[in-house]
Amino acid sequence: MERRVPGQRLEIAGAVLTVSTMGGYSVTHRSEYLGYLHASVGDQFNVYRRKVTEMDDYLGKYRLDDGVKAILRACSRTIGGGERDAA
């Protein structure tokens, strides 16, 4: 069964999420494309860090907010208002 993401732009922890062409979310921070999420089972998303010259990093399955934070952490970005996430 295919699960679709809501067709809207979201902002989580300072990152902007837009619906991707593959039916998930693209994650950008300060206009830089960092990664993407695809719906999995229940409230879980498969989370990936984008790499230009290598295969993308699979970061795991997370709820949406936690997945965005995992991408930001993997890219050494700050979470939210300039503070690092405690996780």
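Remember, predicted model here, so these are calculated numbers, not experimental data.
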Please determine whether residues Tyr25 and Leu59 belong to a single hydrophobic cluster, defined as Ile, Leu, Val, Met, Phe, Trp and Tyr linked transitively by side-chain heavy-atom distances below 4.5 Å.
yes
State the CG-CZ distance between Asp66 and Arg73, to the nearest 0.5 angstrom.
7.5 Å
Could you see if Leu72 belongs to whatever hydrophobic cluster contains Tyr48? Use Ile, Leu, Val, Met, Phe, Trp, Tyr and a side-chain cutoff under 4.5 Å.
no
Between the main-chain N or O of Glu32 and the side-chain N or O of Thr28, is there a donor-acceptor pair closer than 3.5 Å?
no
CA sep, side-chain torsions, deciding dist, call: Lys51, Asp57, salt bridge (charged side-chain N to carboxylate O under 4.0 Å, His left out):
CA-CA 7 Å; Lys51 288 188 162 181; Asp57 287 335; 3.3 Å; yes
Compare all side-chain heavy atoms of Leu34 with those of Arg50 and state whether any distance is below 4.5 angstrom.
no
Is there a side-chain contact between Arg49 and Cys75 (heavy atoms, below 4.5 Å)?
yes
Heavy-atom side-chain proximity of Asp43 to Leu64 below 4.5 angstrom:
no
When you compare the side chains of Tyr36 and Asp56, does any donor N or O come within less than 3.5 Å of an acceptor on the partner?
yes
Counting C-beta onward and ignoring hydrogens, is there a side-chain heavy-atom pair between Leu37 and Ile71 closer than 4.5 Å?
yes
When you group the ILVMFWY residues by side-chain heavy-atom contacts below 4.5 Å and let the links chain together, are Tyr33 and Tyr58 in the same group?
yes
Would a hydrophobic clustering, with Ile, Leu, Val, Met, Phe, Trp and Tyr connected at side-chain separations under 4.5 Å, put Val19 with Val47?
yes
Minimum heavy-atom separation for Gly14 and His29, please, with both atom names.
O-CD2, 3.3 Å
What I'd like to find out is whether the side chain of Ser20 reaches to under 4.5 Å of the side chain of His38, using heavy atoms alone.
yes
Examine Leu10 and Val27 and state if one hydrophobic cluster contains both, with Ile, Leu, Val, Met, Phe, Trp and Tyr joined whenever side-chain heavy atoms are less than 4.5 Å apart.
yes
